[in-house]
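One structure below.
Atoms within each ligand, like the ligands themselves, are counted from 1 in listed order. Bear in mind the structure is a predicted one, so any value in this text is a computation, not a measurement.
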Amino acid sequence: MVAADVASGKYGRPIKTRFPPEPNGFLHIGHAKSICLNFGIASEFQGSCNLRFDDTNPFTEDIKYVNAIRADLAWLGFTPANEFYASDYFEPLYEFAERLVMKGKAYVDSQDEEQIRVGRGTVTQAGTNSPFRDRSVEENLDLLRRMKAGEFADGAHVLRAKIDMAHPNMIMRDPLLIRIRKASHYRRGDAWCIYPLYDYAHGLSDALEGITHSLCTLEFKDNKDIYDWLVREVGFERPPEQTEFARLQLDYTVLSKRKLLRLVNEGHVAGWDDPRMPTIAGIRRRGVTPAGIRDFAETVGVARKDARSELATFEHAVRSDLNMRVPRVLCVVNPLKVVLTNYPEGQVEELEASYYPHDVPKTGSRMVPFSRELYIERDDFMEDPPKKFFRLAPGREVRLRYGYFITCQEVVKDAAGHVIELRCTYDPATKGGNAPDGRKVQGTIHWVSAAHALDCELRLYDKLFSVPDPDDVPEGDDFLSVLNPQSLVVVKGAKVEPSVGADAIGTRYQFERTGYFISDPDSRPGALVFNRTVTLKDSWEKVKAKG
Ligand code: ATP
Ligand code: MG
């Protein structure tokens, strides 16, 4: 559609889009889709994209949200051509209102909210004209000016467009344009006591900025009529074209700022940047990269039909991106001690371990200490292994990643019968991971040296909700009734290789065979904290599921 407009020279100038968030909450992954779309189209067609804060409601907006939105946009990698505020347009919007009144296209209605609602009629029934609809231009102008001057209380009067109370589109039945709100605005202070409604501010702000393509979500389809009516009546030539696209809806989460605000305010999450939140701030803290989000937006694409996106689609985009960029290191989540009985006491070797596998176009390595006492993952040992379990078991030989083959000789248990230690032997000839005699092992497991590993806390995040569509709950319940109680599992006493000890906050890794992780802002030297961004695909879980 845009390409056709560019080819036909419809606007006679470069195309211009905008991203218009209301600063009443943090941006979420749905906004990211809109951002990628608006900025993407602008750059594809050598146009430009504005950031416009749609800040016309003094009750809900705040500078802290403005700052968060700017930071999130920058982090996502987009630079707006201009940063504008709808609240800077209060003056021209007021001028337009007088213009409409003078043309006989708007009037001051003095009915109360309920009377106005009833007068609007229903989908099947025409509305009725307000008794104030035929006020003279002079009277309307006088009242509008006195509304602006602060002479009336909230709700005493409203400015309405004069269109058609029998219009098949309910929105066109004399929509409200301006109302009285004796409230301080976070930017304009007390300069104004009348505020434009969304439909009035939105299209005219687009027109004032010379937007060519105004992209919005499907729920605004019916608002297109008033959008067009207003920009034409006010006198803009070649008004912007509103085009709707489907909202992003993602399984196992909610994407409504109102609901996200409740999660924060009622303490169900630790804040807007809780890594379980679908906010950009949360997703960032979780460890996803800007490219991961952009790739996801690209995959989802633009459609006119509402559909939910599967979490697997998001996680796939995140994994594919991290796979190509983050170093692999060794971390044992749930440690089980292994003693190599034939390894010299007190000896420490430094083994070279590459950061990246061969199919990743990055290189680099570090040395990891190896010694007589190690930790392996408790799950990598089974005393009585079923078929297809290829890891360590009594009498069985496996490969230690970057290290040697080891064979489990003895299982040590405590009084209660819990396995507390494995006594193994290692084969010195298998250093580097291959046996000179060509014998094979079926499993390779990760490990850390017990004396050298660093203790760390792992925050294992999972879905925030336990059902795919948290908005679809039985009558009487709400989305909070389907929160996933296991959405955060904190593991203390995990053991990570020492090479990561001095890395900066926000460093990302793949903990081999475990998942992708990022060091959290709460991390301190000696008290490392890592957030799990996403798991790896677990091949054993799949084998188990298949039986
Ligand atoms: P919410 O319902 O979460 O409050 P909103 O639409 O009110 O969202 P705005 O700040 O008005 O939030 O949104 C700014 C822009 O982002 C709008 O153009 C809006 O259409 C778009 N947007 C919001 N949510 C989504 C979504 N889930 N998918 C795609 N675009 C979205
Ligand atoms: Mg909105």
Side-chain angles (χ1 to χ4, degrees), residues 16-42 49-57 59-62 64-70 72-73 76 78 80 83-87 186 196-203 205-206 209 211 213-224 227 240-265 272 277-283 293-294 296-309 311 313-314 469-471 479:
K16 213 180 235 193
T17 57
R18 84 290 172 266
F19 172 64
E22 185 181 357
N24 62 350
F26 277 54
L27 296 183
H28 53 58
I29 182 89
H31 294 113
K33 171 178 169 172
S34 173
I35 290 168
C36 291
L37 182 62
N38 280 293
F39 282 88
I41 285 180
C49 180
N50 290 343
L51 168 62
R52 178 171 73 239
F53 290 100
D54 203 349
D55 56 351
T56 57
N57 182 348
F59 292 144
T60 52
E61 295 154 5
D62 198 284
K64 76 174 179 212
Y65 298 126
V66 168
N67 293 332
I69 289 168
R70 298 167 78 187
D72 287 348
L73 190 67
L76 275 172
F78 297 103
E83 183 180 304
F84 289 138
Y85 295 80
S87 57
Y186 79 98
L197 279 100
Y198 172 85
D199 279 325
Y200 186 60
H202 193 79
S205 298
D206 280 350
E209 290 176 18
I211 300 302
H213 296 81
S214 176
L215 309 174
C216 68
T217 40
L218 282 175
E219 70 270 22
F220 294 105
K221 211 168 176 2
D222 289 345
N223 303 62
K224 186 175 163 68
Y227 184 108
E241 178 92 32
Q242 173 181 307
T243 303
E244 306 86 18
F245 65 95
R247 271 181 106 77
L248 175 75
Q249 300 176 84
L250 186 59
D251 278 353
Y252 297 100
T253 194
V254 291
L255 292 181
S256 137
K257 277 184 283 187
R258 193 175 48 78
K259 289 179 177 166
L260 297 175
L261 188 64
R262 277 192 66 193
L263 289 171
V264 172
N265 286 347
W272 284 102
M277 289 282 272
T279 51
I280 304 301
I283 293 172
I293 294 181
R294 294 194 305 259
F296 171 65
E298 179 101 354
T299 309
V300 171
V302 186
R304 290 255 200 185
K305 199 167 162 298
D306 273 318
R308 298 188 67 83
S309 293
L311 199 54
T313 312
F314 178 63
D469 184 357
D471 294 314
F479 70 109

(Q) Is a donor from one side chain sitting under 3.5 angstrom from an acceptor on the other, for Tyr227 and Asp206? (A) yes
If you compare Glu22, Arg18, Gln249 by their heavy atoms, the one closest to atom 11 (O) of ligand 1 turns out to be Glu22
Nearest heavy atom to atom 6 (O) of ligand 1, choosing from Glu244, His28, Arg247, belongs to Arg247
With heavy atoms and a 4.0 Å threshold, my read on which part of Phe19 contacts ligand 1 is side chain
Quick note on ligand 1: atoms under 4.0 Å from a heavy atom of Pro20 include exactly 14 (C), 18 (O)
One finds that the ligand 1 atoms under 4.0 Å from a non-hydrogen atom of Leu255 are 3 (O)
For Pro21, the atoms of ligand 1 under 4.0 Å from one of its heavy atoms are 10 (O), 14 (C)
**Prompt:** Is the number of heavy atoms from other residues, nucleotides or ligands under 6.0 Å of Glu219 CD greater than 12?
**Reply:** yes
(Q) Tell me whether Arg18 is salt-bridged to Glu209, with the criterion being a basic N under 4.0 Å from an acidic carboxylate O. (A) no
field: Heteroatom distance test (Lys33, ligand 1): nitrogen or oxygen, under 3.5 angstrom
entry: no
If we number the atoms of ligand 1 from 1 as shown, the ones under 4.0 Å from a heavy atom of Ser256 are 3 (O)
Give me the ring orientation class for Trp272 and Phe26: parallel if the planes are under 30° apart, tilted from 30 to 60°, perpendicular past 60°.
parallel
A student comparing Asp54, Asn24, Thr217 should find that the heavy atom closest to atom 19 (C) of ligand 1 comes from Thr217
Sorted by chain and number, sequence neighbours left out, salt bridge (Lys or Arg N to Asp or Glu O under 4.0 Å) with Asp72 holds for Arg284
> For atom CZ of Arg70, is the number of surrounding heavy atoms from other residues, nucleotides or ligands below 6.0 Å larger than 12?
Replying inline: no
**OP:** Check the pair Tyr65, Glu22 against side-chain contact (heavy atoms from CB on, under 4.5 Å), reporting the backbone distance first and the verdict last.
**Re:** CA-CA 9 Å; Tyr65 298 126; Glu22 185 181 357; over 6 Å; no
Verify side-chain contact (heavy atoms from CB on, under 4.5 Å) between Tyr198 and Phe220, making sure each step is shown before the conclusion. CA-CA 11 Å; Tyr198 172 85; Phe220 294 105; 3.5 Å; yes
Any nitrogen or oxygen of His31, side chain or backbone, less than 3.5 Å from one on ligand 1?
yes
>> Would Leu248 count as being in polar contact with ligand 1, using the rule that some N or O on each side must be under 3.5 angstrom apart?
In response: yes
